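First the proteins, then the strands, lettered A, B, ... as listed; each starts at 1. FYI, side chains are in, hydrogens and waters are out, and symmetry mates aren't considered; it's all heavy atoms of this structure. On a predicted model such as this, the values are computed, not experimentally measured, just so you know.
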There are 2 protein chains.
Amino acid sequence: MAKAGKENRKDHIQEAAQRLFRENGYSATSMSDLANEVGIEAASLYSHIESKEEILRTICFEMADQFFDGLASVEDAGLPEDKKLELAIASHIEVIALNRSASAVFFHDSRHLGEPYHSDFKLMRRRYENYFKKIIERGIEQKIFRCVDSTFTVRTLFSAMNWTYAWHGSGKNDTPEIITKKITSLILEGLSKK
Amino acid sequence: MAKAGKENRKDHIQEAAQRLFRENGYSATSMSDLANEVGIEAASLYSHIESKEEILRTICFEMADQFFDGLASVEDAGLPEDKKLELAIASHIEVIALNRSASAVFFHDSRHLGEPYHSDFKLMRRRYENYFKKIIERGIEQKIFRCVDSTFTVRTLFSAMNWTYAWHGSGKNDTPEIITKKITSLILEGLSKK
DNA sequence: CCTACCGATCGGTAGG
DNA sequence: CCTACCGATCGGTAGG
């Protein structure tokens, strides 16, 4: 109720777009698919948005902001690197869990961003991944971590984290906290016994 | 030289399609893009192929065959489960390394397969992943592996393996053998020292 | 937010 | 393998 329903029409469009883009991909989703989902004519979408690409842009850069915001709390206390890594993983997983559709679009469709945006996007992502990489490298220097290839390790870590958007909620054993624990445990301790 | 250049025109089309689909995605690649890459008119493609989707189908199912073929050698000797897992990982990584573009398409665009094919595809993938899962579960029973969530672990393993198609050959430190060693080591032993 | 409509491009066919 | 062409749909604009 209340007098809502006004300026959140744009949000409604964004949200529907996230779902459709996730399911069929950005390129395979037409503006008329989107209009249909929202319940208006395709041409009417343009009263609220500027272009199809603007929708994608909004999704990608809002996700990027959320990922960066999550890191703010990691640096706070002077924690050891393995604890920092665990906090950073927890933040990343939580952002994904709170935005599953947008995450899927972020990971799969950012390549369809137009130009200057695509380059900006890649720079931000690289900066973000470097943050994790530095943690691993400092951990190695401090002999907390084994002497691994940090570039390889951080990529593997991200690929492990970034598919969790596909989790389809089989119940309660997939909260962000539990996922974080499983990933952290596997990456830090490995599969082998002892 | 030689009298080649005849029935491998279809292969030429398939190969060009793999590159284009990988770079821009299946949906964002048009038949005229493909024709342009091959050097003929768009309409002429249909002398060699049946439809755009047939190209995708061929890519996806040929990859699936290669992945399954790779498993044949794993069962051979009565190896312990951790060695089997390593062999299976090595096979998977090698198939990807030998078919980077096709792998990218396999992982990203199989969802655009039409219907009965998409269901068949998902069944095969599930069977394949189950093979790895069983290894992990037997390893746990035999106390070779820690008592982990096997579903979660196998998914994490696949996400770690399946991004390696994106490797862009920075030199010689990314042969299939070295990648396999790094992944196996990280998954089995973990990042923590001691 | 709609009707009416745009030029461009889509995957694909006919016929040679 | 090409020319000629198909109906459908694409993202988007004009004007109200």
Using distance only, find each side-chain donor-acceptor pair of residues 111-119 of chain B under 3.5 Å and give its atom names and separation, not counting sequence neighbours.
from, atom 1, to, atom 2, distance (Å)
B:R111, NH1, A:R22, O, 3.1
B:H112, NE2, A:N24, O, 3.2
B:H112, NE2, B:S27, OG, 3.3
B:E115, OE1, B:S119, N, 3.4
B:E115, OE1, B:S119, OG, 2.8
B:E115, OE2, B:S119, OG, 3.3

Going by an N to O cut-off under 4.0 Å, is there a salt bridge joining [X] and [Y]?
X      : Y      : answer
B:R19  : B:E15  : yes
B:E81  : B:K84  : yes
B:E50  : B:R57  : yes
B:E54  : B:K10  : yes
B:K181 : B:E177 : no

> Contact class for B:A43 (heavy atom, under 4.0 Å): base, sugar-phosphate, or nothing?
Replying inline: base
> Between A:T184 and A:E86, do the side chains contain an N or O donor and an N or O acceptor separated by less than 3.5 Å?
Replying inline: no
>> Testing the 3.5 Å rule here: is there a donor-acceptor pair between the side chains of B:N162 and B:S159?
In response: no
> If you walk 5' to 3' along DNA chain D, what is the first nucleotide with an atom under 4.0 Å of a heavy atom in chain B, and what is the last?
Replying inline: D:dC1 to D:dA4
> For residues 28-40 of chain A, which residues have at least one heavy atom under 4.0 Å from DNA chain D?
Replying inline: A:T29, A:S30, A:M31, A:S32
>> Give the dot-bracket line for DNA chain C from 5' end to 3' end: parentheses for intra-strand Watson-Crick or G-U pairs under 3.5 Å, square brackets for crossings, | for inter-strand pairing, dots for unpaired.
In response: ||||||||||||||||
>> List the residues meeting ring pair (Phe, Tyr, Trp, His ring centres under 6.0 Å) with B:F67, not counting sequence neighbours, and say none if there are none.
In response: B:H92, B:F106, B:Y128
> Which residues satisfy the side chain to side chain donor-acceptor pair (under 3.5 Å) test with B:Q66, sequence neighbours excluded?
Replying inline: B:N99
